[in-house]
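Note sheet for the following structure.
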Amino acid sequence: WIVLVLVSAAFMIWQISELIAQYRNFDIITDTATVNKATLEFPEVTVCNANMYSKSLKNATGIIDPKNEEELIQISTPLEQEIFTTWFNGIELNTSEYWRPAIVSDMGLCWVFHTNQTVRRPGFYGGLKFWMTLQQDDYEEFAPWAGALVWTLQPGSEPTVLKASNGAKPGKETFFPMDYTDVQRERTAPWARCKGEAPQYTQSKCRNTCYDDWVRENCGCRNLQDTSDTSLRFCERFNEDDTNCFNEILDLQDEILGNCGCDLPPCTEQLYETTLTELDASETLIASWSKEFNITEDYIRKNFISVTVNFKSMQYDKLTESKGMTFAQLLGAIGGSMGFFLGISLVSIFELLGDLIGMRLIPRLFGHKKLYGVGAHYKLS
């Protein structure tokens with residue numbers, strides 16, 4: 001019995017040390033639940049024409065590269081000439097009331113759709129639908145490609161080229177089906193592997209701010225999206241000093257972004273992941289557009305974009321992080337291990353007492369001279 005007690009004690013000590021080590025790993029558990037809802041809140045949708053500035057407006061104003069927001073707006077295509085029709089849940093909207101301007105570095109003046117209405121119907125015939133014209137005849141000579149970039153973001157987030165987007169091509173009927181995920185990460189230190197909350201903090205916004213700071217401090221100018229010091233001029237594409245500085249940035253980009261302290265995701269965020277589905281616009285639709293807007297079918301194929309953004313289904317995933325082991329659970333596990341040891345110890349004690357009292361002392365009280373139990377084959381002298 002002594003050996004059994006010692007073995008159980010050693011096992012208890014080993015198990016408690018393992019539990020403490022497991023607790024000190026500060027692991028987290030991620031629970032995923034699928035939530036079905038009758039309505040879903042719609043994200044903000046940002047659209048940027050691949051062409052930054054209007055060639056005709058540059059010629060008219062004499063502005064080659066803008067030095068501030070005012071000059072940028074002067075040479076940018078206005079909303080009504082780019083997005084000319086908007087629907088939400090099948091109802092036509094006043095485009096100017098639901099789209100606001102947003103300046104995005106490397107893209108110029110873009111447009112952000114925002115609504116407080118909710119989506120009640122998933123798929124192609126719900127959500128946001130808009131028609132856009134690219135006006136390729138007014139593209140800058142060095143525009144790399146024709147089309148539009150589309151971001152779907154949590155309301156209040158800033159679009160940035162450092163965050164993934166989807167592209168829409170002219171002459172296509174483009175559908176962006178969305179998956180929505182609500183993420184709630186563990187915030188309690190030292191389990192927390194996150195910081196801040198979206199949209200105030202996101203990794204892409206953090207990296208973008210860090211990148212803007214580096215440009216401002218080292219190039220003596222600012223990126224288009226940088227509003228921290230509006231007295232500083234925009235960096236210019238045709239300025240040799242600015243170009244050389246940006247070439248240096250490209251060589252150091254990984255190092256710059258690696259030292260930004262943006263490795264942790266936000267503790268709460270809403271993710272809207274889209275995929276791309278596109279079909280050629282039908283000849284019937286092209287012919288109707290040509291008749292309605294009094295333009296040629298060839299112009300429509302080169303310039304018109306039809307985009308629909310909506311949820312795949314009326315459900316979303318909710319990801320919730322929690323502590324892998326709390327302090328109370330640690331105490332409970334240690335108590336269970338000690339209880340196992342104490343249980344064996346008590347059994348041993350009762351067994352020894354039973355042998356001593358029941359088989360040795362009691363028989364002697366009744367005059368028996370023979371020992372029972374352990375060593376029963378010996379006789380008293």
So which heavy atom on [X] is nearest to which on [Y], and how close?
X	Y	result
Val47	Met132	CG1-SD, 3.5 Å
Cys267	Lys195	SG-N, 3.5 Å
Ala168	Val307	CB-CG2, 4.0 Å
Pro122	Ser313	CB-CA, 3.7 Å

When you measure from the side chain of [X] to the backbone of [Y], do you find a donor-acceptor pair of N or O atoms at a distance under 3.5 Å?
X	Y	answer
Thr274	Phe176	no
Lys302	Pro170	no
Glu278	Glu173	no
Thr230	Thr227	no
Arg185	Pro266	yes
Gln329	Thr326	yes
Asp317	Thr34	no
Gln203	Asp263	yes
Ser290	Ile286	no

- Listed once per pair and sorted, the side-chain hydrogen bond (donor to acceptor under 3.5 Å, both in side chains) pairs that draw on residues 130-142, sequence neighbours left out: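 Counting only pairs at least two positions apart or across chains, the side-chain hydrogen bond (donor to acceptor under 3.5 Å, both in side chains) contacts touching residues 130-142 are Asn49-Tyr139, Ser54-Asp138, Ser56-Asp138, Lys58-Glu140, Trp131-Ser306, Glu140-Arg237.
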
In this structure, would [X] and [Y] fall into the same cluster of hydrophobic residues linked by side-chain contacts under 4.5 Å?
X	Y	value
Phe234	Ile64	no
Tyr125	Val309	no
Phe304	Val150	no
Leu319	Met178	no

- Sort and list the pairs that fulfil disulfide bond (SG atoms under 2.5 Å apart) and have at least one residue in residues 27-112, not counting sequence neighbours.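 Output for this query lists Cys48-Cys110.
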
- Task: Only one of Asn223, Asp213, Thr202, Thr160 passes side-chain hydrogen bond (donor to acceptor under 3.5 Å, both in side chains) with Asn208; say which it is.
- Result: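 For Asn208, the side-chain hydrogen bond (donor to acceptor under 3.5 Å, both in side chains) check succeeds only for Thr160.
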
- Taking only residues two or more places apart in sequence, or in another chain, which ones meet Arg193 in a salt bridge (Lys or Arg N to Asp or Glu O under 4.0 Å)?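 Checked Arg193 against salt bridge (Lys or Arg N to Asp or Glu O under 4.0 Å); zero matches.
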
- Item | salt bridge (Lys or Arg N to Asp or Glu O under 4.0 Å) partners of Asp182, counting only residues at least two apart |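 So Asp182 forms no salt bridge (Lys or Arg N to Asp or Glu O under 4.0 Å) with any residue.
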
- Among Phe88, Phe84, Tyr98, Trp99, whose ring pair (Phe, Tyr, Trp, His ring centres under 6.0 Å) with Phe130 holds?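 Testing each of Phe88, Phe84, Tyr98, Trp99 against Phe130, the sole residue satisfying ring pair (Phe, Tyr, Trp, His ring centres under 6.0 Å) is Trp99.
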
How far does [atom1] of [X] sit from [atom2] of [Y], to the nearest 0.5 angstrom?
X	Y	atom1	atom2	result
Tyr272	Thr152	OH	OG1	9.0 Å
Leu232	Asn68	CG	CG	11.0 Å
Tyr299	Asn294	OH	CG	12.5 Å

Pairing of [X] and [Y] as salt bridge, 4.0 angstrom limit:
X	Y	value
Arg216	Asp226	yes
Glu273	Lys312	no
Arg187	Glu197	yes
Asp242	Arg233	yes

- Item | Verdict with reasoning, Glu70 to Lys67, per salt bridge (Lys or Arg N to Asp or Glu O under 4.0 Å) | CA-CA 8 Å; Glu70 183 180 349; Lys67 293 180 173 57; over 6 Å; no

- Yes or no on side-chain hydrogen bond (donor to acceptor under 3.5 Å, both in side chains) for Glu186 and Thr188, after CA distance, side-chain angles and deciding distance? CA-CA 6 Å; Glu186 177 60 48; Thr188 307; 2.9 Å; yes

- Item | Non-neighbouring partners of Phe327 that pass ring pair (Phe, Tyr, Trp, His ring centres under 6.0 Å), sequence neighbours left out |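 Once residues adjacent in sequence are excluded, Phe327 has no partner under the ring pair (Phe, Tyr, Trp, His ring centres under 6.0 Å) criterion.
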
- Message: If you apply the rule salt bridge (Lys or Arg N to Asp or Glu O under 4.0 Å), what do you find for Arg222 with Glu69, and how did you get there?
- Response: CA-CA 11 Å; Arg222 61 187 172 107; Glu69 286 81 0; 3.0 Å; yes

- Query: Checking side-chain contact (heavy atoms from CB on, under 4.5 Å) for the pair Phe113/Phe42: CA distance, chi angles, key distance, verdict?
  - Reply: CA-CA 10 Å; Phe113 175 84; Phe42 199 74; 4.2 Å; yes

- Message: What verdict does the salt bridge (Lys or Arg N to Asp or Glu O under 4.0 Å) test give for Arg301 and Asp280, after you've listed the backbone C-alpha separation in whole Å, the side-chain angles of each residue and the deciding distance to 0.1 Å?
- Response: CA-CA 9 Å; Arg301 292 188 181 91; Asp280 290 330; over 6 Å; no

- Query: Should the SG-SG distance of Cys210 and Cys262 be recorded as below 2.5 Å?
  - Reply: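 Cystine link not detected, SG atoms outside the 2.5 Å cut.
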
- Message: Can you tell me if the gamma sulfurs of Cys235 and Cys219 sit closer than 2.5 Å?
- Response: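 No; the two sulfurs sit 2.5 Å or more apart.
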
- Query: Which residue pairs pass the salt bridge (Lys or Arg N to Asp or Glu O under 4.0 Å) test with at least one member in residues 15-42, sequence neighbours excluded?
  - Reply: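 Found none.
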
- Going through the distances and angles, do Tyr316 and Phe311 end up as a ring-ring contact (aromatic ring centres under 6.0 Å, His included)? CA-CA 9 Å; Tyr316 67 93; Phe311 295 102; 9.1 Å; no

